[in-house]
Amino acid sequence: MSVDGVAHGGEIGIATRAARWFPGLERGRKPEALPIRLDRRRIYIVPTRTGLGFAVLLLVMLAGALNYQNNSALLLTCMLGAAMAGSMLMTWRELHGLALHSLHAEHGFCGARLLLHLAFADDHRARPGLTIAVDGLEQPCPLQPGSNRTSVTMATERRGWMAVPRMRIASTLPFGLFRAWSWMTPERNVLVYPRVLDGTQPAARNDDPNERTAGGDDFAGLRDYHPGDPIRHVAWKASARLDHLLVREFDRAAPGQPLRFDWNDLPGIDRETRISRLAGWVCDAYAAAHPWILVLEDRHALGPASDAAHYHRCLTALAESP
Amino acid sequence: MKLRHVPAGRPAKPAPLDTQAFDLLCATVLCVVAVHVPHLPPWYTAALAVILLARWWQRRHRRRRVAGWLRIAMLVAVPATVIAMYGTPLGREPGAAIICGLLVLKILESESVRDARMAVGFACFILMSALLFDQSLAYTIVAGLVLLPAFATLRALGPGLPQPGWVAAFRPGAVVLAASLPAALLGFLLIPRLATPLWGAPDRGIGRTGMTDRMAPGDLHSLLTDDSVAMRVGFTDGPPPEHQRYFRGMVLWEFDGRAWLPGAAAARPAPPAQLVAHGPATVYDVTLLPSQQHWMFALDVPLAAPEGAMMGPDRTFWSTAPITHAAHYQVASVTDYRLGADGLAPGTRAAALQLPPGFNPRARALAAQWRAQVGDHDAAIVNAALDLFHTGGFVYDLNAPPLGRNSVDDFLFDTRTGFCEHYASAFTFLMRAADIPARVVVGYHGGYWNEFARYLLIRQSNAHSWSEVWLAGRGWVRVDPTAAVSEVVLADADGATNTMIGRAGSWWLPWRNRLDVVNRWWNQAVVGFDDLKQGRLFQPFGIAHATVQMLGAALAVVVLVALGVGALLASIRPRARPRDALAVAQRRLQRRLSRLGIVRGNHEGPRDYYARSAQALPDAAAQLHEFADEYLRLRYAFHEPPAERTRKFARAVRHFRPHRGQIGV
C-alpha cells in the first residue's frame with residue numbers, strides 16, 4: 001500500500017487512484033521484488049518519429065485515394081495502416097511476457113560502471129532489439145532463446161550499498177515505427193567497493209620496501225577473467241577483440257612476510273582518501289598474490305591471507321566502513 | 001564521474017546504413033520503379049534503374065558517398081527531362097515520372113538509417129500513386145506485394161538481424177501484412193467515401209485506346225488486337241443467340257472519300273426513329289469500362305436510353321459526361337424489330353445517300369449495273385453485294401494491304417483483302433451508289449459467354465463495324481457484310497469476330513475468358529465500391545442508408561476490436577518448452593536401430609548403448625562411435641548444446657540408414 005494512500009481526511013490521492021488503474025506508474029518509482037514480469041499494464045508504447053512520419057503519409061495517401069475515388073489505392077492505404085497498427089502490437093510483444101528473474105551484480109569500484117547480470121525467464125523467443133537504459137545510458141541487450149541473460153552497467157558515485165537504479169527496458173522492433181518501453185526497479189542493493197587510488201606506495205609496512213615491488217606491477221601476461229578478479233585488471237583493449245574478458249596477470253611474489261596495511265598508518269589525509277588508498281593496496285597485493293593484513297579503523301585486523309575471499313572481505317569492510 | 005547522457009532513440013550521430021539494409025532498400029526502390037513501368041517511357045524507367053544499380057554497386061564496392069555536384073546535377077536533370085518529355089511538369093504521367101526520379105535521387109544520398117526510413121515512406125507513397133493509373137486486380141496485387149520488400153527494409157534498419165538474414169528480414173512484414181488483411185478489408189469497407197472530390201479529379205484523357213468517331217479502312221486495327229476488356233453484359237435469362245450479339249455504339253453517316261464520320265445527321269436533334277417491337281424485350285446490365293468517351297453501347301436495338309444518357313435519332317446513345325469510371329446501366333432491347341419503317345424524312349434520306357463526288361468510279365458503275373439488272377428490288381441489290389463478298393474471292397485478313405485514293409475500288413477489284421471496316425465501308429458505298437439509303441454502324445460483336453457468372457465478356461478486340469440499309473416497308477435492316485466473307489470468322493470459339501486470324505492458337509485465351517469472372521468481381525465489388533454502394537452496406541441489418549456517422553462509428557468499433565483481438569493474439573506465448581532437437585535426433589537414431597533389433601534397455605546409458613550397437617553393426621561401427629561421442633559432447637560439454645552442431649548431428653542421423661546387411665554374424 002502506498003504512502004499516498006492515507007491522505008488528508010482519509011481521501012485517496014489521485015496518484016494512488018491512478019496507480020491502482022495503472023500500476024506501471026507506481027512501479028516506475030518503487031522498488032519491487034523479483035521476479036518482475038512485464039505485462040500489458042506496465043508496457044507503454046508510442047510512435048517513434050518514423051512512425052509519426054508514416055502516420056502523416058497514411059493520411060495523405062488516404063486523402064488522395066478518397067479524392068480520386070480510387071479504391072485500389074485506398075485498399076493499399078488500408079493495408080499499410082492495418083500493418084502499421086499490427087506492427088504496434090508486434091513491438092509491444094517484444095516486451096510482453098519478459099520476466100526478470102534474477103539480478104546479480106559484479107563487484108565494482110566506485111567511479112567505474114558496475115556490471116549487472118540480468119537473467120530473464122527463458123520463453124524461447126529471441127528478442128534481438130531490446131535496449132536497457134540505466135541512469136540515462138541506453139545499452140543494447142539482445143536476448144537469445146535458450147539463454148535469456150544479458151548484462152548492463154550502472155554508474156556508481158559512492159562506495160557502500162547502493163540501490164539498483166530504475167531501468168528502462170525498450171524496443172523498437174520490428175520496423176522502428178513504435179517504441180515500447182517499461183520500467184523496472186528491482187529491489188536489490190549492490191555493494192560498491194571504494195574508489196581505488198593507486199600509484200602510491202604503502203606508507204607503512206613491516207618489511208623491506210623492495211620486497212613489495214617484487215610482487216608489484218610487473219606485467220606478466222594475460223589470462224581469462226574469473227568472477228572475482230579485480231575489474232581494474234581487466235585488459236579492456238585485448239578483451240575487445242574477443243567475446244570474453246581477459247585480465248592482466250602480474251608476477252607472483254615470492255612468498256614472504258605478509259604486507260600490512262593499517263588504517264592508522266595514514267594520518268593527515270581525509271577519510272575517503274584513506275579508504276581509497278587502502279583499497280588500492282589491497283588490490284595490488286591481491287593481484288600480486290602476496291599475502292596481506294588489513295587493519296581497520298577499529299584496529300580489527302583481517303588476514304593475513306592472499307585469496308579471493310580475503311580480498312573481498314577486505315574490500316567489503318572498507319566499502320561498509322562508515 | 002559524469003556520464004554522457006544519451007537521450008533515447010536519438011543517437012548523437014546518425015546511425016550508418018549497413019549493407020544488407022541498403023540492398024533491401026535498393027530492391028524496394030527498384031520494385032517501385034518497376035510498378036511504374038507500364039505508364040512511363042521505357043527508356044526513362046530503364047535509366048532510373050541503371051542509376052539505381054550503379055549507386056548500389058558504388059556503395060557496395062567503393063564505399064563512398066555520391067559527390068554533391070552529381071546529386072545537384074541530377075536534381076536539375078530529373079525535372080528537366082520530364083518537362084522535355086511531356087512539355088509540362090503537371091499532370092499524372094509527368095508527376096509520376098518526377099517522383100520516381102526523386103526517389104532514386106534519395107537513394108543516391110542515403111547514407112544513414114534516417115535517410116533510408118524516409119526513402120521507404122516515400123516509396124510507399126509512390127507505390128500508391130501507381131494505382132492511379134491502373135486499378136486492375138493484378139496490378140493492385142503486384143503493388144501490394146511490393147510492400148513486402150518495403151517492410152523488410154524497415155526491419156533490416158533495426159537491430160539484431162542475422163547477417164545474411166533475408167528470411168528473417170522478410171518474415172515480420174509478411175506476418176504483419178497477412179495478419180492485418182482482415183482489418184484492412186473491414187477498414188476499406190467502412191472508410192466513408194466522398195460523394196464529390198475535394199479537389200480536381202485527375203485527367204484521364206490520355207493513354208487508353210478505344211473507339212474513335214471516325215472509321216477509315218485500317219483504323220480499327222489497333223483495337224482489334226487489343227485484348228483489354230471493353231464491357232461486360234449480364235443477361236440473367238441467358239445470352240442472345242450469337243448471330244444477334246451486335247452492340248451498337250455509333251452510327252456514321254458521312255463519307256469523305258477516305259473515312260466515315262458521324263456527320264451532321266447524327267448530331268441533328270430529332271426524335272428517335274420509330275421502333276416497332278416484334279418480340280419480347282431483353283433486359284440486361286452493362287458494365288462499361290472507362291473509355292474517356294461518351295458512347296454507350298446497347299444490344300441492337302434499345303428501347304430507351306438509361307439514366308444519364310441521351311438517345312439520338314438513330315437510337316444510339318451517349319453519356320452526358322465522359323466515362324471516366326466504370327459505368328453501370330441497365331437497358332432493354334428488342335432483337336426482332338422494325339426501325340423507321342414508317343418512312344424516311346427527306347433530310348435523313350439525303351444524308352443516307354450522301355457520297356463524295358469523284359471517288360470510286362468502278363464501284364459506282366457496278367452499283368449502277370446491279371440497279372439496271374434488278375430494277376426497283378432493293379433487297380436483291382443487297383443480296384448481290386453479299387454474293388460478291390461470298391464468292392468473289394474475298395479474304396478476311398487483319399493484315400490488309402494499304403488502299404489508294406479510290407479505296408473502295410481498290411478493295412473491291414484489286415486487293416480483296418481486309419476486315420470489317422473494309423467490308424462495311426465498301427458495302428455501304430455500293431448501297432448508296434445504288435440509291436439505297438445506308439449507314440455504317442460501329443460497335444462490338446460477339447463476346448465470350450461466362451456461364452458461371454452469366455455475363456457476356458466483350459473485349460476491345462470484339463470491336464466491329466457493319467452496315468444498316470433502309471428498305472421500304474422494313475425500315476433499317478442490319479447487314480453484316482463481313483459475315484458474308486466466311487462463316488468461320490464469326491464462329492470463332494471465342495465468339496470474337498476478329499481475333500481468330502493470327503491468334504487462334506492462343507491456348508490460354510479460353511482460360512483467360514473463364515478467369516475474367518474474377519476481374520469482373522473486382523471491378524464491381526472493389527473498384528466500383530462508391531459512396532452509393534457503401535450507403536447500402538448496412539441494408540442486411542435493416543438500415544436503408546448508412547450515414548457517414550454510422551460508418552465512422554462502425555469503423556471505430558472495428559479498429560478497437562481489431563486491436564483487442566490483435567493484442568490477445570500477440571500476448572499468446574509460445575509453447576513453454578520447445579522440442580529438444582538433440583533428444584529428437586537421438587530418439588530417431590534409437591528408432592532406426594531398434595528396427596534392427598537393437599533396443600535400448602532402460603538401464604542402459606547412451607555410451608553403453610552405442611557401444612553395443614557398434615558391436616552389432618560392425619560395418620557402421622565407426623559411424624556409431626562418432627554419433628556416441630558427438631552426442632555425449634553436445635549433451636554434457638555445454639550448458640546449452642550449440643544449435644549449429646546439433647543441426648549437424650540431426651542431419652547426420654537422418655542420413656544414417658543402418659540395414660540388416662550390416663549386422664555382424
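Lettering of chains follows the sequences in order, A, B, ..., and the numbering in each one begins at 1.
For chain B, the nearby part of A/T77 is the side chain; its heavy atoms alone come within less than 4.5 Å. Heavy atoms of A/A65 lying under 4.5 Å from chain B belong to its backbone as well as its side chain. Looking at B/L127, the atoms closer than 4.5 Å to chain A (heavy atoms on both sides) sit in the backbone and in the side chain alike. Both the backbone and the side chain of A/P174 come within contact range of chain B, judged by heavy atoms closer than 4.5 Å. Using a 4.5 Å cut-off between heavy atoms, A/F175 contacts chain B through both its backbone and its side chain. In this structure, chain B has a heavy atom under 4.5 Å from the side chain of A/L62, while its backbone stays farther away. Heavy-atom distances place both the backbone and the side chain of A/A73 under 4.5 Å from chain B. The parts of A/L66 that come within reach of chain B are both its backbone and its side chain, each placing non-hydrogen atoms under 4.5 angstrom from that chain. Only the backbone of B/P192 comes within contact range of chain A, judged by heavy atoms closer than 4.5 Å.
Atoms CD and CG, from B/Q135 and A/L75 in turn, are 10.5 Å apart once rounded to the nearest 0.5 Å. A distance of 4.5 Å separates OG1 in A/T50 from CZ in B/R117, rounded to the nearest 0.5 Å. Atom CG of A/L173 is separated from atom CG of B/L157 by 11.0 Å, given to the nearest 0.5 angstrom. In this structure, CG on B/L185 lies 8.5 Å from SG on A/C78, to the nearest 0.5 angstrom. With values rounded to the nearest 0.5 angstrom, A/M90 atom CE is found 12.0 Å from B/L569 atom CG. Summarising the geometry, atom SG belonging to B/C124 is positioned 6.5 Å from atom CG belonging to A/L57; distances are rounded to the nearest 0.5 Å.
Closest heavy-atom contact between A/G129 and B/P159: CA-CG, 3.8 Å. When all heavy atoms of B/L131 and A/N70 are compared, the pair lying nearest together is O-ND2, 2.8 Å.
Per-residue counts of heavy-atom pairs under 4.5 Å with chain A were compared for B/G144, B/A567, B/A143, B/P172; the largest is that of B/P172. Counting heavy-atom pairs under 4.5 Å between each of A/P128, A/A85, A/S72 and chain B puts A/S72 at the top. Put simply, of B/V559, B/V120, B/L177, the one with the most heavy-atom pairs under 4.5 Å next to chain A is B/L177.
Remark: B/F125 CZ is loosely packed, at most 12 non-hydrogen atoms of other residues, nucleotides or ligands lying under 6.0 Å away.
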Please test B/L563 against A/M88 for side-chain contact (heavy atoms from CB on, under 4.5 Å), starting from the C-alpha separation and ending with a verdict.
CA-CA 9 Å; B/L563 280 178; A/M88 179 175 81; 3.9 Å; yes
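Scanning for side chain to side chain donor-acceptor pair (under 3.5 Å) contacts around B/H328 gives B/T287, with sequence neighbours left out.
Contact of the B/L154 side chain with the A/F54 side chain is registered, since non-hydrogen atoms from C-beta on lie closer than 4.5 Å. Between A/R49 and B/R114, some side-chain heavy-atom pair lies under the 4.5 Å cut-off. Annotation: side chain of A/L74 is in contact with side chain of B/R193 (closest heavy-atom distance under 4.5 Å).
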